[in-house]
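Reminder, nothing fancy here: chain letters follow the sequence lines and each chain counts from 1.
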Amino acid sequence: MSSLTSYLLLSSLLFSIGLAGALTRRSAILVLIGIELMLNAANLNFIAFWRYGPDPAALTGTMFAIFSISVAAAEAAVGLGIILAVYRHSKTTDLDQMNSMKG
Amino acid sequence: MTIPFLILAALTIAGIAAAMYLRNLVHCILALTLGFAGLAALYLQLDAQFVGFTQILVYVGAVAILAVFAIMMTRSAGPMAQPVFSSSWIKGGCVAGAVFAVLAWAIDRSATSLEMLPPQPEVAVRQIGDALMRRFVLPLEIMGLLLTAALIGAVLIAMQEKPEMQ
């Protein structure tokens, strides 16, 4: 098994753990963190392909990872703001209890 | 595969799996910080120093603190009485397992042409800054605009609504 394969396997495992967390946890905060983990798995893929690719000096993988981290940071800020607003409205962060759209 | 890679991968997986499994949300965030630090070390091992330190600054620093603030303001710290997994956790777990199986199968069947590690690239922070200011200057500006708009939007969403003056 080559090194690139092991990095890709690690990142797919990270993605699956993040997906499992986002799909199964009840707390809205942890669901958001699961989405962050999936974005991180994508970043690991960018860096691994950049390092093992034919032209590492072109820096495209690094740039893509940096922009992806910035987008993930913006997403985390907006997501946690939405969680705070929903909590103020319905007094819970339990997703099983957030089952009405206009209540 | 080398020994440092195996150690870092085990650390990252352990931290992230614990973050998704533990009952207490504060413990989840602590385990998550460990996982993010392990990912940063993996980036450093892949000769992406700038991305590794950005990961530490943004994730270990900002995102973890943001999540701790969200836990504090929604008063969801401490062990929960109800079960931590939602009512449809079997379906969610099956979907995640199936996704991992398909990805692992696809990775196992491909990626045979890129086995050699190319020589270590000479990437200085100066070159990254140069690329950001020349070739990638338009994406950089758009990213700045996006971050500004997203942070103003987050503040507006999370702001306490005042009762309307009648």
Between [options], who has the most heavy-atom pairs with chain A when the cutoff is under 4.5 Å?
| options | result |
| --- | --- |
| B:Leu66, B:Ile142, B:Ile29 | B:Leu66 |
| B:Leu32, B:Val95, B:Leu151, B:Leu146 | B:Leu32 |
| B:Val58, B:Val63, B:Leu39, B:Thr54 | B:Leu39 |
| B:Val99, B:Ile90, B:Ile16, B:Leu147 | B:Ile16 |
| B:Ala67, B:Ala158, B:Ala9 | B:Ala158 |

**OP:** May I ask you to decide if B:Met159's main-chain N or O and A:Arg88's side chain share a donor-acceptor pair within less than 3.5 Å?
**Re:**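 Judged by distance alone, yes, a pair lies under 3.5 Å.
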Within the 4.5 Å heavy-atom criterion, are [X] and [Y] side-chain neighbours or not?
| X | Y | result |
| --- | --- | --- |
| A:Leu10 | B:Ile13 | yes |
| A:Ile29 | B:Thr74 | yes |
| B:Ile107 | A:Ser12 | yes |
| A:Asn43 | B:Tyr43 | yes |
| B:Leu42 | A:Tyr7 | yes |
| B:Phe53 | B:Leu44 | yes |

With only heavy atoms counted, which part of [X] is less than 4.5 Å from chain B, the side chain, the backbone, both or neither?
| X | result |
| --- | --- |
| A:Phe67 | both |
| A:Leu30 | both |
| A:Leu37 | side chain |
| A:Val86 | neither |
| A:Leu32 | neither |
| A:Ala20 | both |

Subject >> Distance-only side-chain donor-acceptor flag, B:Gln55 / A:Asn40, under 3.5 Å >> reply: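 A donor-acceptor contact under 3.5 Å links the two side chains.
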Subject >> Which portion of B:Tyr21 sits near chain A, non-hydrogen atoms under 4.5 angstrom >> reply: backbone
Original post:
Most heavy-atom pairs under 4.5 angstrom with chain B, which of A:Ile69, A:Ile82, A:Leu13, A:Thr60?
Top reply: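 Going by pairs under 4.5 Å, I would pick A:Leu13.
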